[in-house]
There are 2 protein chains.
Amino acid sequence: MITIPYPKGHKIKVRNKIVESAAQAFRTNGIQDVSVPFIMKGAGLTHGGFYSHFNNKEQLVAEACRYAISDTIALLQKVADEENHPPPIHTVIDYYLSPYHRDNTEMGCILPALSGEISRSSEEVRQVYTHELERMIAFISNLAEIDASKGSALFSTMVGSLTLARSVNDPELSATLLSSGKQYAKELVKTLT
Amino acid sequence: MITIPYPKGHKIKVRNKIVESAAQAFRTNGIQDVSVPFIMKGAGLTHGGFYSHFNNKEQLVAEACRYAISDTIALLQKVADEENHPPPIHTVIDYYLSPYHRDNTEMGCILPALSGEISRSSEEVRQVYTHELERMIAFISNLAEIDASKGSALFSTMVGSLTLARSVNDPELSATLLSSGKQYAKELVKTLT
DNA sequence: TATAATATATTACGATCATCATATTATAAA
DNA sequence: TTTATAATATGATGATCGTAATATATTATA
């Protein structure tokens with residue numbers, strides 16, 4: 001009676017591809033600068049089918065943010081597990097404030113790229129963003145073995161340094177922002193009460 | 001022979017009003033979300049005359065950034081001069097990471113609001129932005145009596161804390177981001193080498 | 001193979017954008 | 001008061017956006 005015209009799970013897979021495409025595009029070009037047709041093309045589709053997957057662009061923004069931040073936490077966890085010599089939090093700080101992470105925004109943390117725009121987004125999007133940021137701060141605090149208050153200051157330093165390092169034109173200033181951010185972040189972990 | 005139909009300095013005054021209108025609008029709503037007609041309306045004009053003042057929107061963005069950051073440095077200088085009891089840098093940190101500054105973006109520092117978008121702007125805009133950020137870091141370093149490297153870490157912490165505090169939905173987390181940012185920024189000034 | 005149902009593509013709509021061409025207004029000088 | 005011209009307004013253009021309606025393509029089942 002009931003026929004299933006496409007393979008089971010097909011739509012979910014396509015939907016995930018759209019979210020992945022959006023997450024990558026948003027990190028590179030912001031939210032407002034990325035159009036629905038562009039996102040759909042990135043997922044190998046045309047724009048028409050978009051609204052059979054999402055109610056509107058805002059809903060996709062929320063899902064893409066959740067996906068991107070979860071993805072970054074998982075990546076940082078992997079980075080922390082890789083090296084055993086320095087404290088794991090040092091490895092994560094070094095990665096987060098590396099030239100590689102600065103220069104490859106499409107694969108990197110979404111927070112420095114989008115926090116400004118998120119402040120002006122819908123409550124739905126901010127709700128998701130808040131929850132994921134809480135998870136990120138918990139992850140960082142746990143890794144550094146500090147409380148959440150200190151952890152939020154640590155992560156703020158990391159985000160601020162990366163944000164500014166990406167915004168400037170001068171390679172030397174950008175390098176200074178990264179390295180001084182690294183140094184202070186590490187000292188913050190052990191020095192401050 | 002040569003007649004001057006409008007009062008001397010009239011056009012410059014109007015041009016400045018456009019830049020002020022843009023600076024305020026960009027801080028509140030970002031660059032891409034603010035249209036030329038909207039900016040012109042904010043200056044009491046219609047959109048048509050825009051291109052007799054500026055070659056394009058990008059040029060206005062650069063000028064508005066320069067204006068806004070200079071304006072903020074001047075404001076912070078005033079804040080520093082107001083109170084004499086605590087070290088001036090503490091007064092500035094307290095102001096920068098206050099709920100008032102977080103909640104009144106249209107009058108506040110442009111850097112947390114726009115750094116993400118600036119990363120994806122033209123070289124012309126990034127050039128101006130870089131120069132003004134250098135001035136800001138010099139101002140902060142001088143006020144805190146620390147070197148520019150440490151000053152850039154300090155300012156990164158301030159920017160990161162304010163950016164994240166503005167992006168989240170939860171008042172408690174936002175307050176934590178502000179207060180822990182304040183605390184560690186102050187400790188950074190005196191503690192770290 | 002034919003059918004039914006669903007996923008995707010094509011096309012269209014109204015809005016808004018940056019930009020530009022042209023018309024109108026305002027005012028200093030004659 | 002008239003005139004010349006700079007400053008501003010009006011209106012238009014082509015592009016692109018988010019969104020929706022409709023047509024086509026796809027494939028598990030009968």
Side-chain angles (χ1 to χ4, degrees), chain A residues 1-23 25-26 28-65 114 117-118 120-122 124-125, chain B residues 1-23 25-26 28-65 117 120-122 124-125:
Chain A
M1 282 309 173
I2 298 168
T3 69
I4 303 169
Y6 277 74
K8 190 169 155 61
H10 170 81
K11 192 167 187 182
I12 292 176
K13 263 191 249 173
V14 170
R15 187 192 162 100
N16 284 344
K17 276 188 76 170
I18 297 172
V19 172
E20 277 179 49
S21 169
F26 290 156
T28 313
N29 299 313
I31 296 168
Q32 185 70 21
D33 283 349
V34 172
S35 68
V36 170
F38 183 87
I39 294 164
M40 292 300 276
K41 190 186 286 183
L45 302 165
T46 61
H47 66 281
F50 180 80
Y51 290 90
S52 71
H53 289 282
F54 302 94
N55 293 330
N56 46 45
K57 189 183 176 183
E58 200 76 21
Q59 190 188 344
L60 173 63
V61 171
E63 294 217 22
C65 285
L114 293 196
E117 260 179 292
I118 294 295
R120 309 172 227 115
S121 291
S122 71
E124 180 196 1
V125 171
Chain B
M1 281 312 169
I2 300 169
T3 68
I4 303 168
Y6 277 74
K8 189 170 157 59
H10 170 80
K11 191 167 187 181
I12 291 176
K13 262 190 251 174
V14 170
R15 186 191 162 100
N16 284 343
K17 277 188 76 172
I18 297 172
V19 172
E20 278 179 47
S21 169
F26 290 156
T28 312
N29 298 314
I31 297 168
Q32 185 70 22
D33 284 348
V34 172
S35 68
V36 170
F38 183 86
I39 294 164
M40 293 299 276
K41 190 185 285 183
L45 302 166
T46 60
H47 67 277
F50 179 80
Y51 290 89
S52 71
H53 290 282
F54 302 94
N55 294 330
N56 47 45
K57 189 182 175 184
E58 201 75 20
Q59 190 186 345
L60 173 63
V61 171
E63 294 217 21
C65 285
E117 259 180 292
R120 308 173 228 113
S121 291
S122 72
E124 181 195 2
V125 170

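These figures come from a predicted structure and were not determined experimentally. Throughout, protein chains are lettered first and strands after them, A, B, ... in sequence-line order, and every chain is numbered starting at 1.
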C:dC17 -> Watson-Crick or G-U wobble partner, both distances under 3.5 Å, gives D:dG14
If pairing means Watson-Crick or G-U wobble with both distances under 3.5 Å, then the partner of C:dA29 is D:dT2
Between [atom2] on [N] and [atom1] on [X], what's the gap in Å once rounded to a whole number?
{"X": "B:H53", "N": "D:dA7", "atom1": "NE2", "atom2": "C1'", "value": "7 Å"}
{"X": "A:K17", "N": "C:dT8", "atom1": "NZ", "atom2": "C1'", "value": "13 Å"}
{"X": "A:K11", "N": "C:dA5", "atom1": "NZ", "atom2": "P", "value": "16 Å"}
{"X": "B:N55", "N": "C:dT19", "atom1": "CG", "atom2": "P", "value": "10 Å"}
{"X": "B:F50", "N": "C:dC17", "atom1": "CZ", "atom2": "P", "value": "13 Å"}
{"X": "A:H10", "N": "D:dA25", "atom1": "NE2", "atom2": "C1'", "value": "11 Å"}
{"X": "A:K13", "N": "C:dT6", "atom1": "NZ", "atom2": "P", "value": "19 Å"}
{"X": "A:E58", "N": "D:dG18", "atom1": "CD", "atom2": "P", "value": "11 Å"}

[X] side chain: which of [options] is closest?
{"X": "B:L45", "options": "D:dG18, C:dT8, D:dA9", "value": "D:dA9"}
{"X": "B:H47", "options": "C:dA7, D:dG11, D:dA20", "value": "D:dG11"}
{"X": "A:K57", "options": "D:dT19, C:dA9, C:dA18", "value": "D:dT19"}
{"X": "B:T46", "options": "C:dT10, D:dA9, D:dA7", "value": "D:dA9"}

When rounded to the nearest 0.5 Å, the distance separating CZ of A:F26 from CD of A:E117 is 9.0 Å
One should read off an interatomic distance between A:E58 CD and A:I31 CD1, to the nearest 0.5 angstrom, of 8.0 Å
Mind listing the closest non-hydrogen atom pair of [X] and [Y] along with its distance?
{"X": "A:Y51", "Y": "A:N56", "result": "CE2-CA, 3.8 Å"}
{"X": "A:H53", "Y": "A:I18", "result": "CD2-CD1, 3.8 Å"}
{"X": "A:M40", "Y": "A:H47", "result": "CG-CA, 3.8 Å"}

Residues of residues 32-41 of chain A with a heavy atom under 4.0 Å from any atom of DNA chain D, listed by number, are A:V34, A:S35, A:V36, A:P37
Counting heavy atoms not belonging to A:F38, are there more than 12 under 6.0 Å from its CZ?
no
Check your understanding: Taking the side chain as C-beta and beyond, is there a heavy-atom pair between B:I39 and B:F50 under 4.5 Å?
Key -> no
Residue pair A:Y51/B:G48 against DNA chain D: nearer the 5' end by closest nucleotide is B:G48
